[in-house]
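Below you'll find the structure I mean.
What you see is a predicted model; the values in this text were computed from it and never measured.
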Amino acid sequence: MDLDRLYREQERLAKRAKLYDAFGKIRYVAGLDCSYTGDRIIGGAVVVDYETLEPVEYAHATRTLKFPYIPGLLAYREAGAMMAAFRKVRRDVDVLMVDGFGVNHPRRCGIATHVGVKLDMPAIGVGKSFLCGESCGADICQDGEKVGRMLYTGGSKRPIYVSPGHRISLDTAVELVKHCIVSGRLPEPTRLAHEYVTALKKKYAGN
DNA sequence: GCGACAG
DNA sequence: ATCTTGTCGC
């Protein structure tokens, strides 16, 4: 497979990413994540009420695994299943919270940016481990630009990495993620989505 | 060439 | 991500 073509597509998508707030009042936030079972990938979306942080809708979709895991190209492995799951959501979602990175990425196009731009939805990336960049205090910089921020949540020793994906600024993305922290290390949308796809994996294993 | 490397 | 038991800690 020619990865160069994918790298070029990422650069094109990155140019379309808007790093300023472009959305209205937030009512629903959808968390997106994936799990695997055999040669299948399961994408899941959990819609959470932004005020109560309670889940109000669940949707999922499965695909045959076609792409390997390659750092920097995660979207080509998981974005398809995530978007398929999100398309099944009935509710009018305002913001997407994706498991992975946004513009804090080698080519400024992590999975949150990839999904956000393709669906033209405000999107935030929430990573659980370092990908790239230099740490400038709590911020993560790339070429002198702030592209993400480390957040020590849930009293964890390890930080989570928040970066804007599309139609949102870094500060607002951080603000929304903090708002969604209840007690765990991850914000509710992403935490519930992970819990959801993990439970689905077990069901598919016995089916 | 060497090291780093989301999920 | 996934394979896996018990175990330390709040």
Side-chain angles (χ1 to χ4, degrees), chain A residues 3 6-7 9-10 13-14 17 31-46 60-86 96-118 123-135 139-143 147-166 170 173 177 181-187 189-206:
Chain A
L3 305 181
L6 302 183
Y7 290 152
E9 179 186 29
Q10 291 190 315
L13 291 173
L32 269 39
D33 194 13
C34 291
S35 67
Y36 305 80
T37 176
D39 62 340
R40 302 233 100 201
I41 178 169
I42 304 169
V46 177
H60 79 281
T62 71
R63 303 270 120 122
T64 302
L65 219 36
K66 296 178 181 177
F67 202 84
Y69 167 65
I70 301 175
L73 294 178
L74 178 65
Y76 294 97
R77 181 175 170 79
E78 305 189 330
M82 279 186 181
M83 293 173 88
F86 180 66
L96 262 31
M97 229 171 249
V98 186
D99 204 293
F101 288 76
V103 296
N104 176 189
H105 174 280
R107 288 166 294 286
R108 301 290 205 286
C109 189
I111 191 167
T113 297
H114 185 108
V115 171
V117 170
K118 285 200 167 182
I124 299 171
V126 181
K128 300 184 293 299
S129 62
F130 180 81
L131 173 58
C132 67
E134 311 81 42
S135 52
D139 291 323
I140 299 295
C141 303
Q142 287 184 229
D143 305 308
V147 294
R149 187 167 302 152
M150 295 187 279
L151 250 42
Y152 288 86
T153 53
S156 175
K157 193 75 173 179
R158 307 265 303 150
I160 57 174
Y161 299 76
V162 179
S163 57
H166 182 50
L170 171 59
V177 169
I181 297 294
V182 171
S183 62
R185 179 167 89 119
L186 299 175
T190 282
R191 190 186 71 70
L192 291 170
H194 184 275
E195 181 180 86
Y196 178 49
V197 297
T198 298
L200 285 174
K201 176 188 62 181
K202 296 174 182 173
K203 290 185 179 180
Y204 275 77

Closest approach of A:P187 to A:V126 (non-hydrogen atoms, all atoms of both residues):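 Shortest heavy-atom contact: CD-CG1, 4.0 Å.
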Short side-chain to backbone donor-acceptor contact, A:Q142 and A:H105, under 3.5 Å: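 Yes: the side chain of A:Q142 pairs with the backbone of A:H105.
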Sub-4.0 Å heavy-atom contacts from residues 149-159 of chain A onto DNA chain B, ordered by number: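 Residues of residues 149-159 of chain A under 4.0 Å from DNA chain B: none.
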Gap separating the SG atom of A:C109 from the CG atom of A:N104, nearest 0.5 angstrom: 12.5 Å
Sidechain-backbone polar pair: A:H166 side chain, A:A112 backbone, donor-acceptor under 3.5 Å: no
Set of side-chain hydrogen bond (donor to acceptor under 3.5 Å, both in side chains) partners for A:R40, sequence neighbours left out: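 Here the qualifying residues are A:T62, A:T64.
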Side chain to side chain donor-acceptor pair (under 3.5 Å) assessment of A:E78 paired with A:Y69: CA-CA 9 Å; A:E78 305 189 330; A:Y69 167 65; over 6 Å; no
Rounded distance (Å) that lies between atom P of C:dA1 and atom OH of A:Y204: 19 Å
A:R149 side-chain N/O to A:V162 backbone N/O, donor-acceptor pair under 3.5 Å: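 Here the side-chain-to-backbone pair does not exist.
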Touch class at under 4.0 angstrom, heavy-atom based, for A:H194 against every strand present: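 The residue A:H194 makes sugar-phosphate contact but no base contact.
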Under 3.5 Å donor-acceptor, A:D99 side chain and A:L32 backbone: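 Not at all, since once roles are kept as given, no pair shorter than 3.5 Å links the two residues.
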Nearest heavy-atom neighbours spanning A:F130 and A:Y161: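 Closest approach of A:F130 to A:Y161: N-CE1, 3.5 Å.
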Heavy-atom check, side chain of A:V46 versus side chain of A:P189, under 4.5 Å: no
pair A:R107-A:L73: side-chain heavy atoms closer than 4.5 Å: yes
Paired and unpaired positions of DNA chain C as dot-bracket, Watson-Crick or G-U wobble under 3.5 Å, | denoting a partner strand: ..........
So which protein N/O to nucleotides 5-7 of chain B N/O distances come out below 3.5 Å?
| unit_1 | atom_1 | unit_2 | atom_2 | d |
| --- | --- | --- | --- | --- |
| B:dA6 | OP2 | A:Y69 | OH | 2.4 |
| B:dA6 | N7 | A:G72 | N | 3.1 |
| B:dA6 | N6 | A:G72 | O | 3.1 |
| B:dA6 | N6 | A:L73 | N | 3.4 |
| B:dA6 | N6 | A:L74 | N | 3.2 |
| B:dA6 | N6 | A:H105 | NE2 | 3.4 |
| B:dA6 | N1 | A:I111 | N | 3.2 |
| B:dA6 | N3 | A:F101 | N | 3.3 |
| B:dG7 | OP1 | A:K128 | N | 2.7 |
| B:dG7 | OP1 | A:K128 | NZ | 3.3 |
| B:dG7 | OP2 | A:S129 | OG | 2.9 |

Expected output: side-chain A:S163 to main-chain A:G102 donor-acceptor under 3.5 Å: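 Flag set: sc A:S163 to bb A:G102 pair under 3.5 Å.
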Flag, side chain of A:Q10 to backbone of A:G72, donor-acceptor distance under 3.5 Å: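 Yes, the answer is positive, given that a donor and an acceptor are paired below the 3.5 Å cut-off.
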Could you list the protein-to-nucleotides 5-10 of chain C atom pairs, N/O on both sides, closer than 3.5 Å?
none

Ranges pairing with ranges for DNA chain B, where each run has three or more Watson-Crick or G-U pairs under 3.5 Å: none
Minimum-distance pair of heavy atoms, taken over all atoms of A:A61 and A:A84: CB-CB, 3.6 Å
Which atom of A:V147 lies closest to which atom of A:R108, heavy atoms considered: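 Scanning both residues, the minimum pair turns out to be CG1-NE, 3.9 Å.
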Sugar-phosphate, base or nothing in reach of A:T37, heavy atoms under 4.0 Å: nothing
